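Here is the structure we will look at.
Quick caveat, the model's predicted, so the values are computed rather than measured. Start at 1 with the first residue, then count along the sequence.
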Amino acid sequence: PKNWRIDRMSEFVALSERPTDSEYADYYGGYIGQVPGYQCAALLESQVTELKKFFESVSEADATIVHPPYRWTIKQVVGHMIDAERIFADRLHRFSSGDPQSQPGMDQDLYVTNHDYESPTLAVLVEEFLYCRRANLLLIQRLRPKAFDLRGTASGHSFTVRALAWILVGHVIHHMKIVRKRLE
């Protein structure tokens, strides 16, 4: 609909508060720590443009190489980012809805092994990620402010909705640093 915009995230006050250590499992602190300052809301949006522009400059040949010591091609890394975006967003959606069901963990290697990330072009994979992120932006924009403090359990740990939004951003930052390093 024309009245829904995904370009107002920088104004979204509910995400300006950095999650505390009690809002997520220790492991995810590495992703949240990647998010500079209080820029989660702005980066949720700007990563769409950043990723599209960056990957336009990556050749299909470069995207299919495994660069040791890494185990995945760049296309598989993008596939992993798609998988994680979906899983983290599903948790965010469930927890913001007050769904009390505990959510299972994610074995990232099973996802990469059992999905075909080599046949689609890099551009198609990037577009899939962008569609996922755009859908997540629309979801986050319609959450009520109090929803960001709601909690749920995933992988045996408690998470707030706010922390999951920050994890979405930090996970992409983490993997894009690695991809950039691989292509130097």
Donor-acceptor pairs under 3.5 angstrom involving side-chain atoms of residues 26-34: please list them, not counting sequence neighbours.
from, atom 1, to, atom 2, distance (Å)
Tyr27, OH, Tyr31, OH, 3.4
Gln34, OE1, Lys177, NZ, 2.8

Quiz prompt | Test side-chain contact (heavy atoms from CB on, under 4.5 Å) applied to Phe129 and Lys52, Met81, Gln47, the passing residue | solution =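 Going through Lys52, Met81, Gln47 one by one, the side-chain contact (heavy atoms from CB on, under 4.5 Å) with Phe129 is satisfied by Met81 alone.
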Practice problem: Please assess Leu125 against Glu128 for the test side chain to side chain contact (heavy atoms under 4.5 Å, CB included), listing each intermediate value before the final yes or no. | Solution: CA-CA 5 Å; Leu125 292 171; Glu128 182 178 351; 4.3 Å; yes
Residues forming a side-chain contact (heavy atoms from CB on, under 4.5 Å) with [X], sequence neighbours excluded:
X: Thr113; result: none
X: Gln101; result: Asp99, Gln103
X: Arg71; result: Gln108, Asp109

Please report the interatomic distance [atom1]([X]) to [atom2]([Y]), rounded to the nearest 0.5 Å.
X: Arg94; Y: Leu150; atom1: CZ; atom2: CG; result: 15.0 Å
X: Glu45; Y: Ile140; atom1: CD; atom2: CD1; result: 11.5 Å
X: Leu143; Y: His93; atom1: CG; atom2: NE2; result: 8.0 Å
X: Leu130; Y: Thr49; atom1: CG; atom2: OG1; result: 8.5 Å
X: Ser96; Y: Leu139; atom1: OG; atom2: CG; result: 5.5 Å
X: Leu122; Y: Glu56; atom1: CG; atom2: CD; result: 10.0 Å

Quiz item: In the hydrophobic clustering that connects Ile, Leu, Val, Met, Phe, Trp and Tyr at side-chain heavy-atom distances below 4.5 Å, which members other than Tyr111 occupy its cluster, ordered by chain and number?
Solution: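 Traced through the cluster, Tyr111 reaches Ile87, Met106.
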I want to check something: taking the side chain as every heavy atom from C-beta on, are [X] and [Y] in contact at a cut-off of under 4.5 Å?
X: Ile178; Y: Val77; result: no
X: Asp149; Y: Val161; result: no
X: Ile173; Y: Pro36; result: yes
X: Ile74; Y: Ile65; result: no
X: Val179; Y: Val58; result: no
X: Val78; Y: Lys75; result: no

Quiz item: Should the pair Arg86-Asp90 be classified as a salt bridge under the 4.0 Å nitrogen-to-oxygen rule?
Solution: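 No salt bridge links Arg86 with Asp90.
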State, to 0.1 Å, how close [X] and [Y] come at their nearest heavy-atom pair, and which atoms those are.
X: Ser155; Y: Gly105; answer: OG-CA, 3.1 Å
X: Arg182; Y: Val66; answer: NH2-CA, 4.0 Å
X: Asn136; Y: Ala89; answer: OD1-CB, 3.1 Å
X: Glu60; Y: Pro120; answer: OE2-O, 4.0 Å
X: Cys40; Y: Trp166; answer: CB-CE2, 3.3 Å
X: Leu15; Y: Ala41; answer: CB-CB, 4.0 Å

Are any side-chain N or O atoms of [X] and backbone N or O atoms of [Y], one a donor and one an acceptor, separated by less than 3.5 Å?
X: Arg133; Y: Leu44; value: yes
X: Ser119; Y: Asp116; value: no
X: Ser59; Y: Asp62; value: yes

If we ignore angles and hydrogens, is there a donor and acceptor under 3.5 Å between the side chains of [X] and [Y]?
X: Asp83; Y: Tyr117; result: yes
X: Glu118; Y: Thr73; result: yes
X: Thr160; Y: Arg151; result: no

Quiz item: Can Arg180 and Glu50 be said to form a salt bridge (charged side-chain N to carboxylate O under 4.0 Å, His left out), step by step?
Solution: CA-CA 12 Å; Arg180 284 183 173 94; Glu50 175 193 343; 3.1 Å; yes
Self-check item: Check: Tyr24 ring centroid to His157 ring centroid under 6.0 Å
Solution: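 Between His157 and Tyr24, which both carry aromatic rings, the centre distance is not below 6.0 Å.
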Quiz item: What residue pairs, at least two apart or across chains, pass ring-ring contact (aromatic ring centres under 6.0 Å, His included) with a residue in residues 37-75?
Solution: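 Qualifying pairs: Trp72-His80.
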Exercise. Return the orientation label for the His175 and His171 ring planes: parallel under 30°, perpendicular over 60°, tilted otherwise.
Key: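 It falls in the perpendicular class, over 60°.
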Exercise. Check the pair Leu92 / Phe159 against side chain to side chain contact (heavy atoms under 4.5 Å, CB included), numbers first and verdict last.
Key: CA-CA 9 Å; Leu92 185 151; Phe159 291 85; over 6 Å; no
